Structure formats: structure tokens, C-alpha cells
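First the structure, in the form of C-alpha cells, and then the observations on it.
Predicted model, so just to flag it, every value in this text is computed and none were measured.
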Amino acid sequence: MDLSPPRHHSPEYDSLLLAGPRLSPLKQAHARLIVAGHGHSLPLVTKLATLAVAAGAAPYAYLLAAAHPSCDSFMLSSLTRAAARRGLPGAAIAFYGRLLATALPFSSYAFTAVAKACADLSALRTGMAVHAHSILLGFGSDRFVQTALIVLYSKCSQLLVARRLFDAIRDRSVVAWNAMISGYEQNGLAERAIEVYREMQVAQVVPDSTTFVATLSACAQAGALDLGREVERRIVSGQMDVTVFLGSALVNMYARCGLVNKARNWFDRLQERNVVTWTSMIAGYGMHGHGHEAIKLFHLMRREGPTPNDVTFVAVLAACAHAGLVSEGRDAFDSMKVYELVPRAEHYCSMVDMYGRAGLLDDAMQFIRDSIPGEPGPEVWTAMLGACKMHKNFNLGVEVAERLIALEPENPSHRVLLSNIYALSGKMYHVEKVRNVMINRRLKKQIGYSLIELGGTAHLFRMGEKSHQQTREIYQYLEELIHRISDAGYVPETDSVLHDLEEEEREVALRYHSEKLAVAYGLMMSRGSTAPIRVIKNLRICGDCHLAIKFMSSVENREIIVRDKHRFHHFKDGKCSCLEYW
DNA sequence: GTAGGGTTAG
């Protein structure tokens, strides 16, 4: 129990607190201070200036600091911190600069704040100078500063530096662990994030809700359903308060791990839902091809939810594209201006993708011409090219591909798509030509891989993978499986061999594509079970694998769920939820 | 006469 006497502020201090972070009441309070003869009281001016920054009026605060004859270190570091917190990183750096220029003593507070400001700006050079300066002034082993620097380097994608700092901290706080987990997760290194989470358990550091939010995001990214469920259990059994952050993370994790209904259960149960929660759920439906559900939820959101933002529209348009809901998508796009949202490349891309997938190539081209201001970016042409390939419009495809290659000559995937189009139209001579250019220019294709999680361990397969312990059994099992599906009517789609150029490392061995290996391994290891097989692929699934897995789901009588680069495929009884639309 | 570092959606 707190036995200290209640604190009494002066009436002047109270009038500042009463004004709060609002500029015009603050200015009035300032005037009263001057009239009452307190215009030079440093604590009062400090409080006033800090509140002014919190109100967004950094220049006003800067003048107050510069005009004060005995402005001190406390005032300037408070202002640095207030600006960093308010999301005014430029102002934070300016206050830090003022501190430098006045040669006042530094505190660790100024460093944590300015490090955050540099992180927000991804300003690596400035951040490195701040780091060096902090060491110089003896704050090199301050735990708060170290943690803030981990965040800085993570935001600048310098994970090795971040990790070195992390490893150097003695007695790491839960915040330092969280920063490291989130650093990996934000940089697409979900597996590393999960490793850090596990190390944290070994180190017996008690996780908090931020740990779980960051770890659930890593699970969502990696498709690590088992760990995601474990985290959920800890949240529930620990009777943790499911904040809007945790709730959104749970919705996102379940949606991206393939359990869209579980995601919806959490969504419905949450006490608080914000625009992120709603957007996650809509995006979840979109990924699973449930376009109508996505649209329904979007309409509900417009009626009784938070105001949709630009990301919401990315999710809605992608959902429409993946479900063939052209008029719904067009309406949604048109309604963006109601919310004063300006479409970005992603929105344009989804629109082109939507028309293109639906086979409306002319509408797609017309949209590019009439609705996109300025020169369309490469993403837009890539979507257009994908549509040409899907609907076998070779002439337009070649034209678009050439435009794209001129725009981005070093990007291998454009050439791969072009060669695919030549291959599909039977122009093998052109295929060779494109391939040779790629070899000469040393343009490497992206390597495809598939992941399957069994008993909490992730197994990674690349095409023709032979490094797995059970390689022989897996290949044998896959051979038998291919025989059985062939008996059931499966004929390899040789067109897809040419996908190899894009999706996998070599062009033969269609039968050993990574997703086939992963699915075969999953089936082999869970014979007798009825649980669905879940596989995650980093690229798009190819046509032949799609066909083969449909047959596998029926001959093995198992549900097989594949998450590819863009969406989910739920295979059951020889059919796929995507209805050949992906 | 005071204040810190970490978190969610495409």
C-alpha cells in the first residue's frame, strides 16, 4: 500500500495538466503562466513544451526550449522522448541535435528515444551515429539503450547486428526478448523468431502478451499451427486478458494456418475489435477463396465496424480477385474515395488481377489505360501477364512481357513467365532463347520449397530433395502413390513441366516437386489418421501438382490443405476449394 | 523534479 502523502501540484502545474495535449488550451495556460510571473519556471515550461509535442506542435516546443535561458538536459531529453512517442521522428532527432549542440549532459532517456525515432525512419546512418555516440558517453551497456538499438537495427534489416547486441545483453528483460522475436518476424525470418521464442522458454523468462503477439505472427507466417495452438493454450489457461492486439494475432494466426473457422470463432468472441482485426478476418476469407464471406464481413464492417483503411481495401480486392467477384470488386474500388483513400499499386494490381483472372483481358487493359494515373508500375504488368498466361492469350502476353522486361531487366521472373508463354504456345525455339539469355546474364530463378509440420517439427522439401533421413521411403511412397492415382485417372500435365522454369530449380522431374514430396511424406507418416495434411509452399502451386493432389485426396480419402504464395487450396474428395481459380 | 525499451492486418 502506498503510504506516501498525496502529491500536491502547484495551481500552475495543475492548469497545464488540465489543458492536456491540446494546443489551444496549452497556449492559454502558457499566457497565464507569463502573466503570473512563472514564464521562466523550468519545470513548468518543460511540462508545457512536452505537452505541446504530444499535441503535435513540435516547432512551438522547440521555440520554448531554445528561448529558455537555462534549458536543461532533462527538458531536451523529455522533448526527444515525447516526439518519438508522438510519431514525430524528425522532431525527435532535432531535439537530440539541440542536446548535442548545447553540450548538456546526456541521459539514457535521450538515447532510447532517438533510437526509436531512427528506427521509425529506418535511418540506418543516423542510427549508427547515435549508437556510436551512446557508447562514447558510457551508455553502451545500458539495457534500455541496448533494447532500443535492437529495434533500430531490426527495422533497418540488420538482423546480424541486432542479434549481436541481443546476445551481448546480460540478464535480458522480457522486452529485449520480444524485440528480438519481433525483429526476426518482421523481416520474414519466422523460423528464427520461433527459435528465439523457444530459447526464451529454455531461459525460463516469463513471456507476456507482447511475446505472444509476436510469436503468433511468426506462427502465422511460418504456418506453425502446433506452436500457434500451444500459445493459444497458454493464453487461455493463463487467463490472460485478450487485448485487441492478442485477439488480432490469434485471428491472423488461425486464418493463415488454414483454420478459417477457428479464426472466425476468435473474431466473434473478442471483446474489442479494431480495423486490424476486421482486416485480418477479411483477408483470411480472401486467402481461402471465400469471397462472399469476405464481402459480407466488409459490408458488416461498413455498417457497424471501424472505418476501413487502405489495407482493408487490399484485402477486399484480393478476396474479390480470388473468388471471381468482379462487380463486387469494382464497387469496392469505387467506394475507396468515400473514405478519402487514394488507391496504390497494390489496389491497382488487385483490380487488374481480378479482371484478368476472370478472363476479362480487355477490361483489364482498359482499366490500366483509363484508371491508373501515370505510367503503371511493373506489378501491374505482372498481374496482366499472369492473366495472359492463364487465359492463353499469347500475343498480348508476349507484348506485356517485353514491356516488363524493358522495365525491369534484372528481374528473372518476368523472363520465366515469358518463356512459359512461349512454351504454352509451342514456340520451343523462343523458350530456348529466353533461357539462354537468363543463363548468360546469370539470372537465377527463385527456389521453391514446401514445408510440412509433424509433431511440432517442420520438414522442408525442395524439388528432388534427397537430404531427408527417410528419403528412400518417401520416394518409394510417392512412386506408389503416383501409380495409384494414375489408376484412378491421373495423367501428368506436361504443360506444367515448363512451370519449372518459374517455380522450381530444374525443368524435369515434375514428379518430385517439393509439394508432392511434402504431401507424400505427410500421408506416409500419418497412415490411419484422418487429420488433414497441411503443407505450405513459398511459391505458387503448379498445375500438375494441383491435379495430382486432387487425386491423392480422393485415393487416400484425406483432406489435404496447401497454402501457396497467394492463397489456400483445400483438397477433398478429388476436388479443390479454389475451383481451378488461383 | 518528472520519464524509458517490445506488439497486430496486405
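- Remark: C1' of dA9(B) and CZ of Arg273(A) are 16 Å apart, rounded to the nearest angstrom.
- Remark: Tyr62(A) engages Phe95(A) in a ring-ring contact (aromatic ring centres under 6.0 Å, His included) (not counting sequence neighbours).
- Using a 4.0 Å heavy-atom cutoff across all strands shown, Val311(A) reaches at least one base atom of the nucleic acid.
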Atom pairs and distances, donor-acceptor, side-chain atoms in residues 243-252 of chain A, under 3.5 Å, two or more places apart:
residue	atom	partner	partner atom	Å
Thr243(A)	OG1	Phe245(A)	N	3.4
Thr243(A)	OG1	Leu246(A)	N	3.1
Ser248(A)	OG	Val244(A)	O	2.7
Ser248(A)	OG	Thr277(A)	OG1	2.9

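- Nucleic acid contact class of Asp310(A) (heavy atoms, under 4.0 Å, all strands): none.
- Under the rule for a side chain to side chain contact (heavy atoms under 4.5 Å, CB included), the partners of Ser157(A) that lie at least two apart in sequence or sit in another chain are Asn187(A).
- Ser77(A) comes within 4.0 angstrom of a nucleotide base, judged by non-hydrogen atoms across all strands.
- The interatomic distance linking Leu149(A) (CG) with dG5(B) (C1') rounds to 10 Å, in whole Å.
- Straight-line distance from the CG atom of Leu270(A) to the P atom of dT8(B): 17 Å, rounded to whole Å.
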For residues 280-290 of chain A, dump all side-chain donor-acceptor pairs below 3.5 Å to protein atoms at least two apart in sequence or in another chain.
residue	atom	partner	partner atom	Å
Ser280(A)	OG	Val276(A)	O	2.8
Tyr285(A)	OH	Arg264(A)	NH1	3.1
His288(A)	ND1	His570(A)	NE2	2.8
His288(A)	NE2	Ala255(A)	O	3.0

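- Remark: Asn252(A) is not in phosphate contact with dT8(B), judged by side-chain N or O atoms under 4.0 Å from OP1 or OP2.
- The side chain of Ser78(A) places no N or O atom within less than 4.0 Å of a non-bridging phosphate oxygen (OP1 or OP2) of dA3(B).
- Between the base of dG5(B) and the side chain of Thr112(A) there is no donor-acceptor pair shorter than 3.5 Å.
- The residue Ser280(A) sits close only to the backbone: its heavy atoms come under 4.0 Å of sugar-phosphate atoms, none of a base.
- Of the residues in residues 190-204 of chain A, not one places a heavy atom less than 4.0 Å from an atom of DNA chain B.
- Using a 4.0 Å heavy-atom distance criterion, Ser173(A) is classed as a base contact.
- Residue contacts shown for Phe74(A) include a base, since a base heavy atom lies under 4.0 Å away.
- Ala283(A) comes within 4.0 angstrom of the backbone, heavy atoms only, and of no base.
- Of the N and O atoms on the side chains of Glu379(A) and Tyr348(A), not one donor lies less than 3.5 Å from an acceptor on the other residue.
- Within 4.0 Å (heavy atoms only), Arg344(A) reaches at least one base atom of the nucleic acid.
- Residue pairs meeting the ring pair (Phe, Tyr, Trp, His ring centres under 6.0 Å) criterion with at least one partner in residues 174-198 of chain A, sequence neighbours excluded, are Phe166(A)-Trp177(A).
- Glu185(A) comes within 4.0 angstrom of sugar-phosphate atoms only, judged by non-hydrogen atoms across all strands, and of no base.
- Between Asp310(A) and Arg344(A), some side-chain heavy-atom pair lies under the 4.5 Å cut-off.
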